[in-house]
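Below is one structure, written out as structure tokens; the observations come after it.
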Amino acid sequence: MKAIVQYKYGSPEVLNLEEVDKPALNDHQVLVKIHAASVNFGNLVLLKGKPYITRLFYGVLKPKHPIPGGDIAGCVEAVGSKVTQFKPGDEVFGDLSSSGWGAFAEYVSAPESSLERKPVNMSFEEAAAVPMAAVTALQGLRDKGKINSGQKVLIYGASGGVGTFAVQIAKAFGAEVTGVCSTRNIDILRTIGADYIIDYKIEGIDKYREYFDLIIGVNGHQPLSVYKRALKRHGIFVHVGGAESQLYQTALQGGWISFIEKKKMNVFLQRANQKDLIFIKDLIESGKVKAVIDQQFELSEVPQALTYFAEGHAQGKVIITM
């Protein structure tokens, strides 16, 4: 099969399209013929091996998993003898980030627990956009953010992959949603149902004092103090992505702010979870959530796709087609 292979850390130029052996299948695995994959921030982390602490988990000197890529959508070609959830021919989607990666390839062997049947109202390309980004948004809002109906929720970085899902999922929970984006992305936020939109090129969120119950920081370089001022007492800020300095600031100062000012400041890392994927699938099939896709690249163009994604201007998700 054809696959993108990475033998060392670095820039997208270290990625090569090669012919490799089709993956073996064990008793608990499903062999999937991949139709589409998608790009996530974690792909850049594994590509560069930075922050360096990530190398403790993914390989100190070189990547432990040579075929990158987490999100997939495709068809089951074969199943292991102890697989109970799927059969050949099933259309599936899933997140492989907790099970060896390997999405940037024509085939992958994955645990059945990392997959779910593809939403019936989505193409393979749309389904590939969903798993990591949508589950990240769900876990950030529900598990860390403790979202409730009627709350005022701010999504900073609302037009990217995680942000577009966060807006829709927050609406599905009954929240009033304000999205922050640039001028060119305003129409996208209107389309996915944001109640209010802030164009950060025209205004900031400084004027909002103790206004929001929950803030999800998906992108941007705002100091933690800006988010803190915008939060109500007992409000919650969840750092999902954005500037690395913001991550460290939240990790180092969040506990103190939470204690002194009664405003919780949380760092959050997504974990692949089949139950959450099923939850998202139900929202999709009920028409409450859809994928926003920016550009599509072929498998051979993964280096270009990662270069484009790293620029930080993608409107929704970047897709890889096989």
Side-chain angles (χ1 to χ4, degrees), residues 4-15 37-71 95-104 131-140 143-145 155-157 160-163 165-166 215-228 236-258 264-273 302-303 305-314 317-318:
I4 294 294
V5 182
Q6 177 185 356
Y7 298 110
K8 61 182 180 180
Y9 294 115
S11 65
E13 285 70 33
V14 306
L15 301 173
S38 71
V39 177
N40 293 283
F41 180 74
N43 299 128
L44 295 181
V45 172
L46 296 185
L47 174 66
K48 299 174 183 178
K50 295 179 182 178
Y52 287 109
I53 192 171
T54 60
R55 299 193 184 194
L56 296 176
F57 307 98
Y58 299 116
V60 176
L61 300 178
K62 64 180 182 179
K64 185 191 306 182
H65 307 293
I67 300 177
D71 288 341
D95 174 3
L96 310 180
S97 61
S98 296
S99 53
W101 302 82
F104 296 159
M132 195 179 297
V135 170
T136 297
L138 172 64
Q139 293 177 353
D143 302 342
K144 277 291 186 178
I155 311 295
Y156 203 105
V162 174
F165 284 116
I215 299 175
I216 303 294
V218 183
N219 204 350
H221 303 269
Q222 295 293 323
L224 201 60
S225 59
V226 173
Y227 291 124
K228 182 184 71 173
I236 300 174
F237 166 74
V238 183
H239 174 95
V240 174
E244 196 169 322
S245 59
Q246 189 184 97
L247 167 64
Y248 294 137
Q249 192 178 27
T250 306
L252 294 173
Q253 300 179 22
W256 177 252
I257 293 171
S258 300
K264 293 184 179 179
M265 316 297 283
N266 296 318
V267 173
F268 164 71
L269 293 175
Q270 175 261 6
R271 293 289 183 270
N273 183 297
V302 165
L306 286 171
T307 299
Y308 173 73
F309 181 81
E311 293 171 355
H313 302 301
K317 294 285 294 185
V318 174

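Note: hydrogens, waters and symmetry copies are ignored here, and every other heavy atom, side chains too, is used. The shown structure was predicted, so the numbers you read here are calculated from the model rather than taken from an experiment.
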Quiz item: Going through the checks in order, is the side-chain contact (heavy atoms from CB on, under 4.5 Å) test met by Asn40 and Lys317?
Solution: CA-CA 8 Å; Asn40 293 283; Lys317 294 285 294 185; 2.6 Å; yes
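- No side-chain donor-acceptor contact under 3.5 Å links Tyr9 to the backbone of Lys50.
- Looking only at side-chain heavy atoms (C-beta outward), Leu224 and Phe237 come within less than 4.5 Å of each other.
- Asp95 places a side-chain N or O within 3.5 Å of a backbone atom of Ser97 that can act as its donor or acceptor partner.
- Scanning both residues, Val267 and Lys144, for their nearest heavy atoms gives O-CE, 3.9 Å.
- Side-chain N or O atoms of Gln222 include none that pairs as donor or acceptor with a backbone N or O of Tyr156 at under 3.5 Å.
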Exercise answer: donor-acceptor pairs, residues 132-139 side-chain atoms, under 3.5 Å, sequence neighbours excluded:
residue : atom : partner : partner atom : Å
Thr136  : OG1  : Met132  : O            : 2.6
Gln139  : OE1  : Arg271  : N            : 3.1
Gln139  : NE2  : Arg271  : O            : 2.8
Gln139  : NE2  : Asp276  : OD2          : 2.9

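- When all heavy atoms of Asp71 and Pro131 are compared, the pair lying nearest together is OD1-CB, 3.3 Å.
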Exercise. Start with the C-alpha gap between Val39 and Leu306, add the side-chain angles, then the distance that decides, and say whether side-chain contact (heavy atoms from CB on, under 4.5 Å) holds.
Key: CA-CA 7 Å; Val39 177; Leu306 286 171; 3.6 Å; yes
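- Surrounding CG of Leu56 are more than 12 heavy atoms belonging to other residues, nucleotides or ligands, all under 6.0 Å away.
- Between Phe104 and Asn43 the shortest side-chain heavy-atom distance falls below 4.5 Å.
- Scanning both residues, Ala103 and Ala37, for their nearest heavy atoms gives O-CB, 3.8 Å.
- Residues Lys48 and Arg55 share a closest heavy-atom pair of O-NH2, 3.4 Å.
- Annotation: Lys8, atom NZ; neighbour count of heavy atoms from other residues, nucleotides and ligands within 6.0 Å does not exceed 12.
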